[in-house]
Amino acid sequence: MPTDHRDNIYRNTQVSVGEFRFDRQVAQVFPDMIHRSVPGYDTVIEMIAVLAGNYVEPGSLCYDLGCSLGASSQAMAQGIKAPECRILAVDNSPDMLAVAAEQLTPLQQTPIEWICTDVLTFPIENASMVVLNFTLQFIPPAARFYLLSRIRQGMRPNGLLLLSEKITFSDPELEHTQIEMHHAFKRANGYNDLEISRKRSALEKVLIPETLAIHQNRLREAGFSHCHLWFQCFNFISLVARP
Ligand code: GEK
């Protein structure tokens, strides 16, 4: 990998740690950052393609909310077998979408439309698959129910929501161990202790994790009658929820 695509953002101790932002600097190293920080990220992306192949219905819309560079959209595009579908890839970071546009792979059968806007205001309709892959954690907690309810209302009866999140645990001992294991994963991937701690401070007010129980209860209250945990690695999980 070229050195300018390696995530060294928190290695430089000369620069003080501000609040984490999805700016140009982050966008340029994003694939490296997410692979070295999120255990199981590749598995989740791979399964998005598998689920898209199984659940996306002809003539429907697929949403990738908080698409970053579009890994989930590309996975859906590869997996979808149903005809006449469109993928709407939404992110409110112009820098993320600019880098996504630079890295576009050749056109797939299912077109991807890139939209720079807030997922909280973007209309959802005729959806057979909605992906929130590590995005809800960046939405203010008070707005999360509203977003999930809108997704539910815009979903077809056989639709599928894939929700991946970093979570927290109510048992302090478990919380401590899960964080310890996640940090061991980051160290094994070349981040040093100072980088880990500086990134943690930067994310503190921006990425707000919740417990699995909070996620499951809120999904039910938003109108999803089935909700399954299908993936977990340390404090990172992925759920599928169905109407
Ligand atoms: C992946 N899903 O690679 N509206 C739109 N976008 C938002 C909002 C918002 N209100 N808040 C945050 N974002 C991707 C990874 S990253 C996860 C998702 C991470 C966007 C933000 O700009 C960023 O691109 C993305 O959500 C979260 O499958 O960095 O841990």
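Atoms within each ligand, like the ligands themselves, are counted from 1 in listed order.
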Student: Show your working on side-chain contact (heavy atoms from CB on, under 4.5 Å) between Lys186 and Ser37 and close with a plain yes or no.
Tutor: CA-CA 6 Å; Lys186 291 188 77 166; Ser37 308; 3.9 Å; yes
Student: Which ligand 1 atoms, with their elements, are less than 4.0 angstrom from a heavy-atom of Met96?
Tutor: 24 (O)
Student: For atom 4 (N) of ligand 1, what's the nearest protein heavy atom and its distance?
Tutor: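 Protein heavy atom at minimum distance: Val119 N, 2.9 Å.
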Student: Look only at interatomic distance and state if Gly66 has a nitrogen or oxygen under 3.5 Å from any nitrogen or oxygen of ligand 1.
Tutor: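 By distance alone, the answer is yes.
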Student: Is Met33 reachable from Leu97 through a run of hydrophobic residues whose side-chain heavy atoms are each under 4.5 Å from the next?
Tutor: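 Result: yes, single cluster for both.
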Student: Between Thr135 and Leu65, is there a donor-acceptor pair closer than 3.5 Å when you use the side chain of the first and the backbone of the second?
Tutor: yes
Student: Check whether any N or O atom of Leu65, backbone or side chain, sits under 3.5 Å from an N or O atom of ligand 1, and answer yes or no.
Tutor: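 Min N/O separation from ligand 1 is not below 3.5 Å for Leu65.
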Student: Show which atoms of ligand 1 fall inside a sub-4.0 Å distance from at least one heavy-atom site of Ser93.
Tutor: 22 (O)
Student: For atom 5 (C) of ligand 1, what is the nearest protein heavy atom, given as residue, atom name and distance?
Tutor: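 Heavy-atom neighbour on the protein nearest atom 5 (C) of ligand 1: Asn92 N, 3.2 Å.
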Student: Classify the side-chain pair Glu180/His176 by whether it contains a donor and acceptor separated by less than 3.5 Å.
Tutor: yes
Student: For Phe22, does its backbone N or O pair with a side-chain atom of Ser93 as donor and acceptor, under 3.5 Å?
Tutor: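 Yes.
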Student: Out of Val90, Leu162, Val131, Ile139, who is nearest to atom 11 (N) of ligand 1 when you count heavy atoms only?
Tutor: Ile139
Student: Counting heavy atoms only, which of Ile48, Ile45, Asp91 comes nearest to atom 22 (O) of ligand 1?
Tutor: Asp91
Student: Any atoms of ligand 1 less than 4.0 Å from a non-hydrogen atom of Thr117? List them with their elements.
Tutor: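 Per the distance check, 4 (N), 5 (C).
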Student: Show me the donor-acceptor pairs, under 3.5 Å and distance only, between side chains in residues 51-59 and residues at least two apart or in other chains.
Tutor:
{"from": "Glu57", "atom 1": "OE1", "to": "Arg156", "atom 2": "NH1", "distance (Å)": "3.0"}

Student: Name every donor-acceptor pair, under 3.5 Å, that has one atom in a side chain of residues 82-89 and the other anywhere in the protein, sequence neighbours excluded.
Tutor:
{"from": "Arg86", "atom 1": "NH1", "to": "Glu113", "atom 2": "OE1", "distance (Å)": "3.2"}
{"from": "Arg86", "atom 1": "NH1", "to": "Glu113", "atom 2": "OE2", "distance (Å)": "2.8"}

Student: Should Gln137 be listed as contacting ligand 1, given a heavy-atom distance under 4.0 Å as the test?
Tutor: yes
Student: Which atoms of ligand 1 have any heavy atom of Thr135 under 4.0 Å away?
Tutor: 18 (C), 26 (O)
Student: Looking only at atom types and distance, does a side-chain atom of Glu165 sit under 3.5 Å from a main-chain N or O of Leu136, one as donor and one as acceptor?
Tutor: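 Checking the backbone N and O of Leu136 against the side chain of Glu165, a donor-acceptor pair under 3.5 Å is found.
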Student: Is ligand 1 less than 4.0 angstrom away from at least one heavy atom of Leu120?
Tutor: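 No, Leu120 has no heavy atoms under 4.0 Å from ligand 1.
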Student: Atom NE2 of residue position His35 - does it have more than 12 heavy atoms of other residues, nucleotides or ligands inside 6.0 Å?
Tutor: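 Yes, the 6.0 Å shell around NE2 holds more than 12 heavy atoms from other groups.
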Student: If the threshold is 4.0 Å, N to carboxylate O, is there a salt bridge linking Arg144 and Glu221?
Tutor: no
Student: Which of the numbered atoms in ligand 1 are under 4.0 angstrom from any heavy atom belonging to Asp118?
Tutor: 4 (N), 9 (C), 10 (N)
Student: Nearest non-hydrogen atom to atom 27 (C) of ligand 1 belongs to which of Phe134, Phe236, Phe30, Phe122?
Tutor: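 Among Phe134, Phe236, Phe30, Phe122, the closest heavy atom to atom 27 (C) of ligand 1 belongs to Phe134.
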Student: Look at the side-chain heavy atoms of Ile, Leu, Val, Met, Phe, Trp and Tyr, link any pair under 4.5 Å apart, and say whether Val50 and Leu160 land in one connected group.
Tutor: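 Linked, Val50 and Leu160 end up in one cluster.
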Student: Name the closest protein heavy atom to atom 19 (C) of ligand 1, giving the residue it belongs to and the distance to 0.1 Å.
Tutor: Phe138 CE1, 3.5 Å
Student: When only distance counts, is Asn133 in polar contact with ligand 1, meaning an N/O pair under 3.5 Å?
Tutor: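 N/O-N/O distance below 3.5 Å exists for this pair.
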Student: For atom 1 (C) of ligand 1, find the nearest protein heavy atom and state the residue, atom name and distance (0.1 Å precision).
Tutor: Tyr41 OH, 3.4 Å
Student: Should one rank Ala89, Ala27, Ser68 by closest heavy-atom distance to atom 18 (C) of ligand 1, which comes out on top?
Tutor: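 Ranked by closest heavy atom to atom 18 (C) of ligand 1, first place is Ser68.
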